[in-house]
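One structure is given here, and the rest of the page talks about it.
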Amino acid sequence: MPGTTGRARKEIRAMTTLFAPTTATGSATAAPTGPGTSRRTRLTLARRLVRPESVLLLSGAALVPWLYVLARTLPSTARVGHWNVAWVGLDALEALGLLSTAALRRRGDDRHRLTAAATGALLVVDAWFDTVTAAPGGELVAAVAMALCAELPLAAVCTALALGGERRTVREDRRFTPGRRPTRR
């Protein structure tokens with residue numbers, strides 16, 4: 001290749017090896033992985049072999065036997081330090097998520113779907129832990145009532161916002177016109 005430097009030729013050769021068509025037997029030519037291979041070539045090869053879907057699939061599959069181990073070995077009761085900090089932190093995250101989702105949606109920002117998805121998941125987790133950690137009797141009744149009347153309905157609203165096909169942007173919304181304050185729906 002006239003006019004190219006030695007390093008550029010080496011990278012071009014490495015890229016053509018990575019994306020080489022398969023041979024008649026169906027196997028691709030092997031990519032160089034020896035000590036002479038550039039770091040960029042090895043990283044490109046690693047990115048092609050390690051896909052996010054593969055990592056997520058393997059991680060999810062690895063959790064299945066771990067669930068069995070936890071179910072068999074964890075004690076049914078535990079004394080926990082900083083219990084109040086854990087619950088205040090979870091509720092603070094929920095409040096932040098609800099407020100940011102509302103603010104983003106009101107501005108017409110499509111990123112409200114991200115905060116809605118995260119907030120919906122937090123609300124479901126809160127409902128779950130409220131009910132499974134409640135003492136029998138009045139505390140359990142209050143936890144179930146909160147889950148059914150507040151947390152799970154809010155999680156459903158957040159999920160609908162996250163998955164909704166409606167897209168509301170500033171340009172498409174008639175309430176937003178240049179030089180005017182937004183009007184309410």
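In this structure, CD on Glu94 lies 11.5 Å from CG on Leu99, to the nearest 0.5 angstrom. Taking CZ from Arg113 and CG from Leu161, the interatomic distance works out to 8.0 Å, rounded to the nearest 0.5 Å. Rounded to the nearest 0.5 angstrom, Ser100 OG and Arg111 CZ are separated by 10.5 Å. Note: Glu151 CD to Leu123 CG = 6.5 Å, rounded to the nearest 0.5 Å.
Through side-chain heavy atoms spaced under 4.5 Å, either directly or across other Ile, Leu, Val, Met, Phe, Trp or Tyr residues, Leu140 is tied to Val124, Val144, Leu148, Leu152.
Between Trp83 and Thr133, the closest side-chain pair of non-hydrogen atoms falls below 4.5 Å. When side chains are defined from C-beta on, Trp87 counts as touching Asp130, because their heavy atoms get closer than 4.5 Å. In this structure the side chain of Leu98 reaches within 4.5 angstrom of the side chain of Cys158, judged on heavy atoms.
A continuous path of Ile, Leu, Val, Met, Phe, Trp and Tyr side chains, each step under 4.5 Å between heavy atoms, connects Trp128 with Val80, placing both in one hydrophobic cluster. At a threshold of 4.5 Å between side-chain heavy atoms, the hydrophobic network of Ile, Leu, Val, Met, Phe, Trp and Tyr places Leu57 and Val64 in two separate groups. Linking ILVMFWY side-chain heavy atoms closer than 4.5 Å, directly or via other members, places Met146 and Leu154 in two distinct hydrophobic clusters. Leu90 is not connected to Leu96 by any chain of hydrophobic side-chain contacts under 4.5 Å among Ile, Leu, Val, Met, Phe, Trp and Tyr, and they are in different clusters. Linking Ile, Leu, Val, Met, Phe, Trp and Tyr whenever their side-chain heavy atoms come within less than 4.5 Å leaves Val132 and Leu67 in two separate clusters.
Scanning all heavy atoms of the two residues, the minimum distance from Ala155 to Gly120 falls at CB-O, 3.7 Å. Closest heavy-atom contact between Leu104 and His112: CB-CB, 3.7 Å.
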